[in-house]
Amino acid sequence: METHKPDVVIVGGGVIGLMSAYELTRAGAAVSVLEKGRLPTGSSYGNAGLIVPSHLQPLCSAANVKEGLRHLLNPTGPFSIGFSPDPQRLVWLGRFVRHSTAAHGRYAVGIYRALADRSLELHDALARVADSAYEYARDGLLCLYETHKALKAAAMDAEELSRVGRPAQVLNAREVREWVPAVGSSIIGGVLQKPDGRLNPMAFITWLASQVRQSGGRILEETEVYGASWAGHAVTALKTTKGSVKADQFVLAAGAWTGRLAAMLGCRLPVEAAKGFSITYEKPAETPSLPLLLEEARVAVTPFADALRLAGVLELCGLDDRLSARRIDAMERDLMRILPGLGSLHVKEIWRGFRPCTPDGLPCIGRLHRPHNVVVAAGHATKGIFLAPVTGSMVASVLSGDGAYRNLLTALNPHRSQWAPSARRNLEAQALSAAGPCP
């Protein structure tokens with residue numbers, strides 16, 4: 001039985017939970033983090049580690065719906081949607097499709113731009129504190145293209161990115177090879193997105209955990225939540241496999257499992273799991289000097305100090321953790337077709353895990369109506385490692401009641417009206433634009 005009563009209990013030891021704990025402990029709160037596995041774990045461990053202020057599109061889009069339908073019967077497609085007889089998943093998919101419009105895309109990009117600007121500032125500040133602890137670098141991200149149609153569209157996007165302060169340079173095939181000698185003949189050009197970069201996600205999680213502990217926070221590993229105790233409309237304690245943990249406030253930051261936890265507390269939260277994959281190799285001699293996005297294959301290639309990671313692909317398939325040999329083989333074929341100069345690669349680890357996705361492509365950050373002492377921070381899809389700093393700052397703001405991030409928190413409220421597109425969404429977008437998203 002837990003005897004110490006912290007101010008805040010955070011469920012989830014991934015990057016969102018730890019970043020929230022980091023901010024709260026720095027503000028003087030007593031914090032305990034509950035993690036059902038061992039750190040580092042989950043998508044916060046196995047992702048590509050990309051810092052991507054130039055990538056603001058939500059997961060829900062007409063192009064992704066079309067891609068998902070096209071690969072409906074293809075188990076190795078880069079983006080696939082697995083249909084299910086589960087009524088709740090069918091409702092979620094229906095909402096996902098309804099939000100996959102150009103109008104909603106513009107709205108979501110505005111929200112993500114505000115989140116990205118602030119998170120980038122916070123990432124830079126964290127890196128100054130950490131020095132070289134987790135290989136943080138913002139020396140660009142190179143997107144590679146195999147078709148003229150895709151490259152033309154990317155060139156148009158690069159012009160728009162440059163106009164809004166995110167410099168992007170279009171490269172021809174020869175210029176791409178100057179940056180990446182390992183690239184093959186299938187690549188016809190690329191776009192260098194200069195504000196972007198990467199970090200080592202495993203080292204980042206390890207560093208964050210050490211900072212939380214040094215600030216007095218506790219991280220309880222192999223501690224799974226299975227129930228709760230109540231008093232009126234508030235949770236008083238969480239029941240875990242290591243005993244009951246009491247607190248005044250609780251944060252659900254458990255990634256793809258956040259929806260299940262919210263349901264346990266009587267709140268329906270539309271967070272679905274999308275399975276992603278990564279393959280980590282021993283570092284080859286011709287390792288690229290900066291991270292790459294192989295756009296048509298929908299995978300990223302990230303160089304680390306002692307390894308090279310291939311990561312990506314999304315399967316909207318629920319919490320099905322089966323590992324497909326055909327999927328892994330397809331990813332490796334794409335890698336060797338596009339970067340044959342890497343030569344023979346030696347696998348260190350194959351990983352798969354779940355990204356938490358919402359039907360409108362935006363994360364859920366804010367306080368639940370009931371229980372009223374529970375805050376949610378989840379649903380970042382593939383942007384969690386990048387948006388973790390601003391999310392942690394927003395969680396701390398909600399719990400302190402300081403009024404910061406007011407407009408962004410309205411837009412990302414877990415009970416927001418955008419679960420069904422409506423005229424109210426447009427009014428909220430106009431208000432957000434007029435008032436400004438940050439404190």
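What you see below is based on every heavy atom in this structure, not just the backbone, and it leaves out hydrogens, waters and symmetry mates.
Applying the side-chain contact (heavy atoms from CB on, under 4.5 Å) criterion to Ser54, with sequence neighbours excluded, gives Leu161, Arg166, Gln193, Pro195, Asp196. Under the rule for a salt bridge (Lys or Arg N to Asp or Glu O under 4.0 Å), the partners of Arg38 that lie at least two apart in sequence or sit in another chain are Glu221. Partners of Ser278 under the side-chain contact (heavy atoms from CB on, under 4.5 Å) rule, at least two apart in sequence or in another chain, are Arg309, Ala311, Trp351. Applying the salt bridge (Lys or Arg N to Asp or Glu O under 4.0 Å) rule to Glu23 yields the partners Arg26; only residues at least two apart in sequence or on another chain are considered. For the salt bridge (Lys or Arg N to Asp or Glu O under 4.0 Å) test, no residue two or more places apart in sequence or in another chain qualifies with Arg128. By the side-chain contact (heavy atoms from CB on, under 4.5 Å) test, Thr236 is found to be paired with Ser229, Ala231, residues two or more places apart in sequence or in another chain being considered. Partners of Glu332 according to the salt bridge (Lys or Arg N to Asp or Glu O under 4.0 Å) rule, which considers only residues two or more places apart in sequence or in another chain, do not exist here. Every residue two or more places apart in sequence or in another chain that forms a side-chain contact (heavy atoms from CB on, under 4.5 Å) with Ser215 is listed here: Thr25.
Here the straight-line distance linking atom OG1 of Thr280 with atom CD1 of Ile350 works out to 9.5 Å at 0.5 Å rounding. Distance CG/Leu339 to CG/Leu294: 5.5 Å, rounded to 0.5 Å. Tyr226 contributes atom OH, which lies 8.5 Å from atom OG1 of Thr241 (distance to the nearest 0.5 angstrom).
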Arg138 vs Leu120, side chain to side chain contact (heavy atoms under 4.5 Å, CB included): CA-CA, chis, key distance, verdict: CA-CA 10 Å; Arg138 286 214 292 124; Leu120 196 60; 3.6 Å; yes
CA sep, side-chain torsions, deciding dist, call: Lys348, Tyr281, side chain to side chain contact (heavy atoms under 4.5 Å, CB included): CA-CA 5 Å; Lys348 295 177 70 173; Tyr281 302 98; 5.7 Å; no
Worked check of side chain to side chain contact (heavy atoms under 4.5 Å, CB included) between Arg416 and Asp360: CA-CA 10 Å; Arg416 59 186 178 258; Asp360 68 353; 2.8 Å; yes
Step-by-step side chain to side chain contact (heavy atoms under 4.5 Å, CB included) determination, Lys242 to Leu220: CA-CA 9 Å; Lys242 297 291 182 67; Leu220 308 178; over 6 Å; no
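The ring pair (Phe, Tyr, Trp, His ring centres under 6.0 Å) analysis of residues 230-253, with sequence neighbours excluded, yields no pairs. Residue pairs satisfying the salt bridge (Lys or Arg N to Asp or Glu O under 4.0 Å) criterion with at least one member in residues 375-394, sequence neighbours excluded, are absent.
Formation of a donor-acceptor pair under 3.5 Å by the Thr206 side chain with backbone atoms of Met202 is found in this model. Although no hydrogens or angles enter the test, the distance criterion places a donor-acceptor pair under 3.5 Å between the side chain of Ser162 and the main chain of Ala158. Judged purely by atom type and a 3.5 angstrom limit, Asn373 uses its side chain to pair as donor or acceptor with the backbone of Val235. Side-chain atoms of Ser100 come within 3.5 Å of backbone N or O of Phe96 as a donor-acceptor pair. Side chain of Ser61 to backbone of Asn64: a donor-acceptor contact under 3.5 angstrom is found. Although no hydrogens or angles enter the test, the distance criterion places no donor-acceptor pair under 3.5 Å between the side chain of Arg113 and the main chain of Val109. Side chain of Thr358 to backbone of Leu362: a donor-acceptor contact under 3.5 angstrom is found. Judged purely by atom type and a 3.5 angstrom limit, Lys275 uses its side chain to pair as donor or acceptor with the backbone of Asp320. Side chain of Ser32 to backbone of Val9: no donor-acceptor contact under 3.5 angstrom is found. Proximity of a side-chain donor or acceptor of His415 to a complementary backbone N or O of His369 within less than 3.5 Å is detected.
For Arg322, the CZ atom sits in a loose shell: 12 or fewer heavy atoms of surrounding residues, nucleotides or ligands are nearer than 6.0 Å.
Tyr22 and Trp207 have tilted rings, their planes meeting at an angle from 30° to 60° on a 0 to 90° scale. The aromatic rings of His104 and Tyr107 sit tilted, their planes meeting at an angle between 30° and 60°.
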What donor-acceptor contacts under 3.5 angstrom involve side-chain atoms of residues 254-263, with partners at least two apart or in another chain?
from: Thr258; atom 1: OG1; to: Ala254; atom 2: N; distance (Å): 3.1
from: Thr258; atom 1: OG1; to: Gly255; atom 2: N; distance (Å): 3.1
from: Thr258; atom 1: OG1; to: Gly255; atom 2: O; distance (Å): 2.8

Would you mind writing out the side-chain donor-acceptor pairs for residues 388-402 within the sub-3.5 Å range, not counting sequence neighbours?
from: Thr391; atom 1: OG1; to: His380; atom 2: NE2; distance (Å): 2.9
from: Thr391; atom 1: OG1; to: Leu387; atom 2: O; distance (Å): 2.8
from: Ser393; atom 1: OG; to: Tyr405; atom 2: OH; distance (Å): 2.8
from: Ser397; atom 1: OG; to: Asp402; atom 2: OD1; distance (Å): 2.5
from: Ser397; atom 1: OG; to: Ala404; atom 2: O; distance (Å): 3.1
from: Ser400; atom 1: OG; to: Ala396; atom 2: O; distance (Å): 3.2
from: Ser400; atom 1: OG; to: Ser397; atom 2: O; distance (Å): 3.1
from: Ser400; atom 1: OG; to: Asp402; atom 2: N; distance (Å): 3.4
from: Ser400; atom 1: OG; to: Asp402; atom 2: OD2; distance (Å): 3.4
from: Asp402; atom 1: OD1; to: Ala404; atom 2: N; distance (Å): 2.9

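In this structure the side chain of Val313 reaches within 4.5 angstrom of the side chain of Val299, judged on heavy atoms. Residues Tyr45 and Ile205 form no side-chain contact, since every pair of their non-hydrogen atoms from C-beta on lies 4.5 Å or further apart. Residues Leu290 and Leu141 have side chains not in contact (no heavy-atom distance under 4.5 Å, counting atoms from C-beta outward). By the 4.5 Å heavy-atom criterion applied to side chains, Leu50 and Thr382 are not counted as neighbours. Arg327 places a side-chain heavy atom less than 4.5 Å from the side chain of Glu315. The shortest side-chain heavy-atom distance between Tyr145 and Glu296 falls under the 4.5 Å cut-off. For the pair Cys267 and Leu265, the minimum side-chain heavy-atom distance is 4.5 Å or more. Between Leu409 and Asn413 there is no side-chain heavy-atom pair separated by less than 4.5 Å.
The existence of a salt bridge linking Asp139 and Lys194 is excluded, since no basic side-chain nitrogen approaches an acidic carboxylate oxygen closer than 4.0 Å. In this structure, Arg89 pairs ionically with Glu272, as a charged nitrogen and a carboxylate oxygen lie closer than 4.0 Å.
Between Met264 and Gly227 the shortest heavy-atom distance is SD-N, 3.4 Å. What you find for Ala273 and Phe354 is that their closest heavy atoms are CB-CD2, 3.9 Å. The two residues Val33 and Gly12 come nearest to each other via the heavy atoms CG1-O, 3.5 Å. Minimum interatomic distance between Ala237 and Ser244 (heavy atoms only, all atoms of both residues): CB-OG, 3.3 Å. Val212 approaches Ala21 most closely through the heavy-atom pair CG2-CB, 3.9 Å. For Pro201 against Leu199, the heavy-atom pair with the smallest separation is CD-O, 3.2 Å.
For the 3.5 Å distance criterion, the side chains of Tyr136 and Asn200 fail to qualify, holding no donor opposite an acceptor.
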